[in-house]
Amino acid sequence: MIKGSTDVYCIFGHPVSHSKSPQMHNCAFQKLSIDACYVAFDVPPVNLKAAIDAARVLKIKGLNITVPHKEAVMPLLDDISDDALTIGAVNTIKNEDNKLRGFNTDYIGFIRSLEENDVTIKNKHFLVLGAGGAGRAVAYGLLTQGAFVSIYNRTIEKALNLANSFKHISQKINVIDYIKSIDDYDVIINTTSLGLNKDDPMPIDITYITDRNIVCDLIYTKTQFLESASKKGCKIIDGKGMLLWQAVYAFNIWTNLTPSVEDFRKIFSKNW
Ligand code: ATR
C-alpha cells in the first residue's frame, strides 16, 4: 500500500508501456520490504526537461531512462559517472539530496549477460554490428574487459567516431567498412534495430556465420537473425539478460541492495 512516506521511482521513455521495469522493481521492493513504488511515465521528447524538473520537485528517488532519452537527458543532470560520460548515454539516475546523478548500467548488464552464458571476453574477438547508443555501451563494456572489438555500421562515420572516442580505454578497437568473412570473430553482436520488425533484413549476410560463432542480439525476442544462427548450430544469446542485469545494477545503485535475480527471471519468463 502506498503511504505518505513511500519513495517513488520511475522510468521515462517514449513509448514505455511495454517496459518490464515496473514489474521487476516493484517485486524487489516488496520482497525486500522497502516502502517504495515504481511507475512508468510516457514522456515525449518535447517534455523531457519538464519531466526531469518534475522529478526534482516531487523528489523522485531514482529513475530509469530509456529510448529515446538516454543521450538527451545528460545535460539536464547535476553529475554523470565517468563511464556514462564516456559511453554518452545515461539509463539510471539517482536522486541524492535533490542532486540528480546519471549512471549507465546497460554496459555492465550486457557484460554480465555474457558471463552468465559462459562467454569468455578477455582477448576474444567481437564483431559489433551498429554504432548507435546501444553499440556504444556494448563496445565500451567489451573494451573494459580486454576484448578485441571490430565495429561495423551502415554509416561508417559513426563507427569511426565511436572507435576514436574509446581509444583512450583500449587500442583493441577498429572499424571495418565491409564484411567479407567473419571467420576471425568469436562473437557477433547485433546492436542495430534490424530485427525489431519482422520484414527487416538481416544485420549481416547469414551465410557468413558458422557454428564456431556465438551470436547475440540486443533485441529481447528471438529475432530471425538469432533463429537462423541457431539453425546453423551457433550458441545464441538474446537481449533479455542485458535487460535483466541492467535492472539489477540500477536497483543496487538506488538502494545498495541486490534484488533476487530469480524473481526478475520469472517476470521475463511469464511475459515472453
Ligand atoms: P540505439 O540507441 O538503440 O542504438 P540508435 O542510436 O538510433 O539506437 O542506433 C541505431 C543503430 O541501428 C545504428 O547503428 C543504425 O545505423 P546508422 O548509424 O547507419 O543509422 C542502425 N540501423 C538502423 N536502421 C538500420 C538499417 N535499416 N540498416 C542498417 N543499420 C541500421
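Remember, it's 1-based here, ligands and their atoms both numbered in the order they're listed.
- Counting heavy atoms closer than 4.0 Å to ligand 1, residue Ser193 contributes atoms from both its backbone and its side chain.
- One finds a salt bridge joining Lys70 and Asp106 here, because a Lys/Arg side-chain nitrogen approaches an Asp/Glu carboxylate oxygen to under 4.0 Å.
- Considering both main-chain and side-chain atoms, Gly135 never comes within under 3.5 Å of ligand 1 through any nitrogen or oxygen pair.
- Among all non-hydrogen protein atoms, the one lying nearest atom 14 (O) of ligand 1 is Asn153 OD1, 2.7 Å.
- Listed by number with element, the atoms of ligand 1 under 4.0 angstrom from any heavy atom of Gly130 are 14 (O).
- The protein reaches atom 25 (C) of ligand 1 closely, with a heavy atom under 4.0 angstrom from it.
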Which atom pairs, donor and acceptor, lie under 3.5 Å between side-chain atoms of residues 71-81 and protein residues at least two apart or in another chain?
residue	atom	partner	partner atom	Å
Asp78	OD2	Arg56	NH1	2.8
Asp78	OD2	Leu100	N	2.6
Asp79	OD2	Arg101	NE	2.5
Ser81	OG	Asp83	OD1	2.6
Ser81	OG	Ala84	N	3.3

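- At a heavy-atom distance under 4.0 Å, atoms from both the backbone and the side chain of Thr155 approach ligand 1.
- Considering only non-hydrogen atoms, atom 27 (N) of ligand 1 lies nearest to Arg154 out of Glu71, Arg154, Lys158.
- Of the protein's non-hydrogen atoms, Gly132 CA, 3.4 Å is the one closest to atom 9 (O) of ligand 1.
- Counting only heavy atoms of the protein, atom 6 (O) of ligand 1 lies nearest to Gly133 N, 3.1 Å.
- Under a cut-off of 6.0 angstrom, the local environment of CD in Gln224 is sparse, with at most 12 non-hydrogen atoms contributed by other residues, nucleotides or ligands.
- For Phe12, there are no ring-ring contact (aromatic ring centres under 6.0 Å, His included) partners, not counting sequence neighbours.
- Contact between Ile151 and Ala131 at its shortest, heavy atoms only, is CG2-CB, 4.2 Å.
- Nearest protein neighbour of atom 3 (O) of ligand 1, counting heavy atoms only, is Ala134 CB, 4.1 Å.
- Relative to atom 29 (C) of ligand 1, the option among Asn161, Thr192, Val138, Leu194 with the closest non-hydrogen atom is Leu194.
- Using cut-offs of 30° and 60° on the angle between ring planes, the pair Phe29 and Tyr9 is tilted.
- No salt bridge links Lys232 with Glu227; every basic N to acidic carboxylate O contact stays at or beyond 4.0 Å.
- Residues Val149 and Ile108 share a hydrophobic cluster, clusters being chains of Ile/Leu/Val/Met/Phe/Trp/Tyr side chains in contact below 4.5 Å.
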